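When a residue number appears, it is its place in the shown sequence, counting from 1. Bear in mind that the values here come from a model prediction, so they are computed numbers and not experimental data.
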Amino acid sequence: MQLPEVWRSNPSHALRQLLEKFHQVMAARRLCCSTCNMVINDVYEEDHTWYDDRDGWYGLQRHTCCNCVKNFCDEHEGRDVAIDIIFCSECKRWFCTSCVPEYETCHRCSDCICKACGELEECNRCQESFCRQCMQRCTFCDEAQCRVCKPLVQCVGHECDNKSHCAECFDGKIRDVVLCDDCNNAFCNKCQHLSCSKDWENACVGCERNLLGIGTQVLTRKQTKTLREEYKRAAQKRETGVATHR
């Protein structure tokens with residue numbers, strides 16, 4: 001059973017009822033694992049279902065190869081039997097290793113990817129293979145490294161398009177992403193404005209100083225207030241210009 005992702009990401013009451021009925025039907029059939037010949041429902045806890053109920057995976061059918069439709073458990077109760085089913089994190093499907101003998105496994109998170117979905121990316125430093133989630137790419141030099149070898153300074157804004165610096169670019173004073181001296185969070189220019197200019201009274205000192213371009217200067221309260229007002233006017237003018245251009 002393959003359900004559209006748009007259904008699974010926001011499941012309705014009807015879909016939840018359908019999946020529960022599907023589980024009841026599959027459990028009642030007492031299907032056995034094609035490898036160890038154990039009844040699959042007997043291998044797991046009582047609340048285990050034939051569909052995945054985890055966030056991000058909800059509604060995906062478990063235990064069945066989507067190619068040959070054979071059923072497998074992935075436990076084998078500690079017996080000396082090879083695991084014969086893998087889950088491709090790209091196409092979100094289960095495959096037995098007979099149907100998909102060639103697949104790659106991420107060195108960091110152990111997610112698998114089938115050959116039909118492509119190949120994992122190799123880190124230039126450690127030469128290990130990683131999935132897209134475990135690799136990072138600098139917005140500026142476009143160099144890709146795994147998260148272990150090369151942590152990036154990345155914008156923490158919720159609505160950001162993942163602007164990030166590698167250590168070399170950040171040390172080189174490229175300032176699309178700045179590190180706040182006060183809260184130690186990294187923001188790109190857009191997210192820094194959204195984070196701090198909404199409420200100047202609660203803005204951290206470091207972010208405010210970066211935003212206003214004060215640096216380490218010592219200013220009076222009146223001077224700081226004047227800079228805030230000037231910044232707000234400039235920001236409003238920019239927003240008005242963008243709206244007019246559209």
Taken in chain and number order and not counting sequence neighbours, the residues that satisfy side-chain hydrogen bond (donor to acceptor under 3.5 Å, both in side chains) with Gln17 are His13

Restricting to side-chain hydrogen bond (donor to acceptor under 3.5 Å, both in side chains), what partner residues turn up for Arg132, sequence neighbours left out?
Glu90

Sequence neighbours excluded, the answer for ring-ring contact (aromatic ring centres under 6.0 Å, His included) partners of Trp57 is Phe87

Tyr51-His63 aromatic ring centre distance below 6.0 Å:
no

Counterpart residues, side-chain hydrogen bond (donor to acceptor under 3.5 Å, both in side chains), relative to Trp50 (two or more places apart)
Asn41

Those residues at least two apart in sequence (or on a different chain) that pass salt bridge (charged side-chain N to carboxylate O under 4.0 Å, His left out) with Glu102 are none

Partner set under side-chain hydrogen bond (donor to acceptor under 3.5 Å, both in side chains) for Asn71, not counting sequence neighbours:
Thr64

Looking at residues at least two apart in the chain, or sitting in another chain, which of them share a side-chain contact (heavy atoms from CB on, under 4.5 Å) with Ser12?
Ala14, Leu15

Who pairs with Glu5 by side-chain contact (heavy atoms from CB on, under 4.5 Å), at least two apart in sequence or on another chain?
Arg8

Taking the hydrophobic residues Ile, Leu, Val, Met, Phe, Trp and Tyr, and joining any pair whose side-chain heavy atoms are under 4.5 Å apart, which ones share a cluster with Ile113?
Leu120

Just do the side-chain hydrogen bond (donor to acceptor under 3.5 Å, both in side chains) check on His23 and His48 with the steps written out, would you?
CA-CA 9 Å; His23 164 68; His48 186 79; over 6 Å; no

Tell me, please, which residues at least two apart from Phe95 pass ring-ring contact (aromatic ring centres under 6.0 Å, His included).
none

Can you list, by chain and residue number, the hydrophobic cluster partners of Phe130 when the side-chain cut-off is 4.5 Å?
Met135

Salt bridge (charged side-chain N to carboxylate O under 4.0 Å, His left out) against Asp111, all qualifying residues, sequence neighbours excluded:
none

